[in-house]
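Comments concern the structure below.
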Amino acid sequence: MIRPATAAARRGYTLTVVLIFLILLCALWSTVYRTPASLLRIETNRVLQQTRDQGAMNALAQAIQLLQYSAPADSSNPGRTQFTYGVTVSVASPSGDCTTENYTVTYTARPDLGPIRWQIQVAPGSSSPALPAIGANPQWP
């Protein structure tokens, strides 16, 4: 007599396969999640630092642009090597509104680097006199 072949019953493997798949999926997710999270933190820090430095960079740009027209000079004291001025710049915040900030610009002559070399430092705070207006012939106070 020939008996029909019966399929071998394989019970209990489906749950095991599903659990293994879920463990592998969680491991893959934890590996992939780490990279975007660190990139997001780095990019957020870079943008915040750019926002903090915007005012000082604008003040430095004005100081360098003024130095392109002429060097600071004092007619009453020709040997003077350090000049300090105040500048007010407008800064846009991340929310979109504009604020003004005061900075102190200090020019220091550096003859050790060359005949007409200047070092420029910008720091938060106000100072008098104001930085001269940019033009063909700035009036250095």
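Position 1 is the first residue of the sequence; numbering continues from there. What you see below is based on every heavy atom in this structure, not just the backbone, and it leaves out hydrogens, waters and symmetry mates.
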**Message:** For residues Val47 and Met57: do they belong to one hydrophobic cluster (side chain heavy atoms under 4.5 Å, members Ile, Leu, Val, Met, Phe, Trp, Tyr)?
**Reply:** no
**Request:** Heavy atoms only: give me the nearest Ala56-Val122 pair and the separation to one decimal.
**Result:** O-CG1, 4.0 Å
**Prompt:** Which hydrophobic side chains are connected to Val18, either touching it within the sub-4.5 Å cutoff or through other members that do?
**Reply:** Leu22
**Request:** Among residues two or more places apart or on two chains, list those pairs meeting salt bridge (Lys or Arg N to Asp or Glu O under 4.0 Å) that have a residue in residues 102-111.
**Result:** Arg110-Asp112
**For Leu28, the rest of its hydrophobic cluster, which grows through side-chain links under 4.5 angstrom** = Val32
**Request:** For residues Ser90 and Asn58, report the shortest heavy-atom separation together with the two atoms involved.
**Result:** O-ND2, 3.6 Å
**Prompt:** Can you list the residues that meet the side-chain contact (heavy atoms from CB on, under 4.5 Å) rule with Ile20, with sequence neighbours excluded?
**Reply:** Thr16, Leu24
**Asked** Do the non-hydrogen side-chain atoms of Ser127 and Val87 ever get within less than 4.5 Å of each other?
**Response** no
**All pairs passing ring pair (Phe, Tyr, Trp, His ring centres under 6.0 Å) where residues 86-117 contributes a residue, at least two apart** = Tyr107-Trp140
**Message:** Would a single hydrophobic cluster contain both Ile116 and Ile64, if residues Ile, Leu, Val, Met, Phe, Trp and Tyr are joined by side-chain heavy-atom contacts under 4.5 Å?
**Reply:** yes
**Item:** Leu131 side, atom CG; Leu66 side, atom CG - distance, nearest 0.5 Å
**Value:** 5.0 Å
**Fill in**
Sequence neighbours excluded, the answer for side-chain contact (heavy atoms from CB on, under 4.5 Å) partners of Ala133 is none
**Fill in**
Here the gap from Gln119 atom CD to Thr106 atom OG1, rounded to the nearest 0.5 Å, amounts to 9.5 Å
**Request:** Measure the spacing between CD of Gln54 and CD of Glu101 and express it to the nearest 0.5 Å.
**Result:** 8.5 Å
**Nearest atoms (heavy-atom pairs only) where Pro72 meets Phe83** = CB-CD1, 3.5 Å
**Transitive ILVMFWY cluster of Val17, excluding itself - 4.5 Å side-chain cut-off** = none
**side-chain hydrogen bond (donor to acceptor under 3.5 Å, both in side chains) partners for Ser38, two or more places apart** = none
**Item:** Residues which pass side-chain hydrogen bond (donor to acceptor under 3.5 Å, both in side chains) with Thr81, listed by chain and number, not counting sequence neighbours
**Value:** none
**Item:** Set of side-chain contact (heavy atoms from CB on, under 4.5 Å) partners for Thr44, sequence neighbours left out
**Value:** Leu40, Leu48
**Asked** Which atoms form the tightest heavy-atom contact between Gly55 and Val91, and what is the distance?
**Response** CA-CG2, 3.5 Å
**Request:** Would you name the heavy atoms of Ala130 and Tyr85 that are closest together and state the gap between them?
**Result:** O-CD2, 3.7 Å
**Prompt:** Distance from Gln62 atom CD to Thr88 atom OG1, nearest 0.5 Å?
**Reply:** 9.0 Å
**Fill in**
For Ala61, the side-chain contact (heavy atoms from CB on, under 4.5 Å) test, sequence neighbours excluded, returns none
**Item:** Residue pairs involving residues 45-61 (criterion salt bridge (Lys or Arg N to Asp or Glu O under 4.0 Å); sequence neighbours excluded)
**Value:** Glu43-Arg46
